[in-house]
Amino acid sequence: MTGQVRTVDGRVAGRRGQETRQKLLDCLREMLSTSPYRDVKVIDVARMAGTSPATFYQYFPDVEGAVLEIAEEMAKDSDGLKELVAGKSWAGKSGVATSEELVDGFLAFWRKNDAILRVVTLGAAEGDKRFFKIRMTVLNSVAKPLTDAVKDLQSKGQADKTLDPAAVSGALISLLASAAEHGKAFTAWGVKVKDLKPNLAPLVYLGVTGKKPPK
């Protein structure tokens, strides 16, 4: 944990206070993975952390405030997703590998952060600008370098110049995000998680390059 951590009333938290605050966030994160967001109460989070609601309110205004803390931390971590696309080759079999790594890395990130991303998606859908901004931060970590990749291919005459790079990128990221969010639906359709990558990656490759993946 870097920088000063402050309580709701502006006081700087000491080492033990920071540890308590982090424990509350960890317990809330765990509860979000097993309970609907709307059902999570301050008293339950405090009880799991072995402290009191009064202590919770020293560090967070409410459950939503604590959830935003977790979501913002997750959004910062999503910056690493850029490495899945930035500077990667989309030519031939190298491009196939890039598309597979992108799908694999994006889905893995979503699985790891599934609980908080469900809350972020819900908040964004309900029009909460704070959650919308966080969701866009996550999506843009891939969308921007993917847009640059399409532009680069177009400049080399290796992709259709009539296509809008941002639209192509946005469509592909929407595809990946939707696939990541619908794990239970895929299960209901008899699709195994391990089968998603080999079926999504060719669509990503096709979308970026305009070509079928080489055999």
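Sorted by first then second residue, the side chain to side chain donor-acceptor pair (under 3.5 Å) pairs that include residues 97-109, not counting sequence neighbours, are Lys88-Glu101. For residues 90-115, every residue pair satisfying the ring-ring contact (aromatic ring centres under 6.0 Å, His included) rule, not counting sequence neighbours, is listed here: Phe106-Trp110.
Lys212 NZ to Tyr205 OH: the interatomic distance, rounded to the nearest 0.5 Å, is 12.5 Å. Annotation: the span from Met31 atom CE to Ser33 atom OG amounts to 9.5 Å, rounded to 0.5 Å. Between the CD atom in Gln58 and the OG1 atom in Thr51 there is a gap of 8.0 Å [rounded to 0.5 Å]. For the atom pair Glu126 CD and Phe132 CZ, the distance stands at 14.5 Å (nearest 0.5 Å). One distance of note links CG of Leu32 with CG of Asp39; it measures 11.0 Å at 0.5 Å rounding. Here the CZ-CD1 distance, from Phe56 to Ile43, works out to 12.0 Å after rounding to the nearest 0.5 Å.
For Pro145 against Ala86, the heavy-atom pair with the smallest separation is CB-N, 4.1 Å. Across every non-hydrogen atom of Gly92 and Pro214, the tightest pair is C-CG, 3.7 Å. Across all their heavy atoms, Ala91 and Ser89 have their closest contact at N-OG, 3.2 Å. Ile134 approaches Ala75 most closely through the heavy-atom pair CG2-CB, 4.0 Å. Considering all non-hydrogen atoms of both residues, Val63 and Val40 come closest at CG2-O, 3.8 Å. Smallest separation of non-hydrogen atoms from Thr162 and Asp160: OG1-OD1, 2.7 Å.
Put simply, the side chain of Glu64 reaches to within 4.5 Å of the side chain of Asp128, judged on heavy atoms. Leu25 places none of its side-chain heavy atoms less than 4.5 Å from the side chain of Tyr59.
Val193 and Val103 are not part of a single hydrophobic cluster, where members link through side-chain heavy atoms under 4.5 Å apart. In terms of hydrophobic clustering, with Ile, Leu, Val, Met, Phe, Trp and Tyr side chains grouped at heavy-atom distances under 4.5 Å, Val150 and Leu206 are assigned to different clusters.
Using a 4.0 Å cut-off between a side-chain N of Lys or Arg and a carboxylate O of Asp or Glu, Lys82 and Asp79 qualify as a salt bridge.
Ring geometry, Phe186 versus Trp189: the interplanar angle exceeds 60°, so the pair is classed perpendicular (tilted spans 30 to 60°).
Partners of Lys133 by side chain to side chain donor-acceptor pair (under 3.5 Å), not counting sequence neighbours: none found. In this view, Asp26 and Arg29 satisfy the salt bridge (Lys or Arg N to Asp or Glu O under 4.0 Å) rule, not counting sequence neighbours. For Asp44, the salt bridge (Lys or Arg N to Asp or Glu O under 4.0 Å) criterion is met by Arg47, not counting sequence neighbours.
Other residues, nucleotides and ligands place more than 12 heavy atoms under 6.0 Å from the OH atom of Tyr37.
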**OP:** May I have the step-by-step check of side chain to side chain contact (heavy atoms under 4.5 Å, CB included) for Val67 and Phe131, ending in yes or no?
**Re:** CA-CA 10 Å; Val67 165; Phe131 286 115; 4.1 Å; yes

**OP:** I would like to know whether Val119 and Ile70 meet side chain to side chain contact (heavy atoms under 4.5 Å, CB included); could you show each step before the answer?
**Re:** CA-CA 11 Å; Val119 179; Ile70 296 172; over 6 Å; no

Original post:
Stepwise, does the side chain to side chain contact (heavy atoms under 4.5 Å, CB included) test hold for Asp62 with Val42?
Top reply: CA-CA 7 Å; Asp62 47 33; Val42 169; 5.5 Å; no

Subject >> Check against salt bridge (Lys or Arg N to Asp or Glu O under 4.0 Å), Lys144 and Asp148 >> reply: CA-CA 6 Å; Lys144 289 182 177 180; Asp148 292 339; over 6 Å; no

Would you mind writing out the side-chain donor-acceptor pairs for residues 165-182 within the sub-3.5 Å range, not counting sequence neighbours?
residue	atom	partner	partner atom	Å
Ser169	OG	Ala143	O	2.7
Ser169	OG	Thr147	OG1	3.3
Ser174	OG	Gly170	O	2.8
Glu181	OE2	Thr121	OG1	3.1
Glu181	OE2	Arg135	NH1	3.0
His182	ND1	Ser178	O	2.6

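Gln154 places a side-chain N or O within donor-acceptor distance of the main-chain N or O of Leu163, the cut-off being under 3.5 Å.
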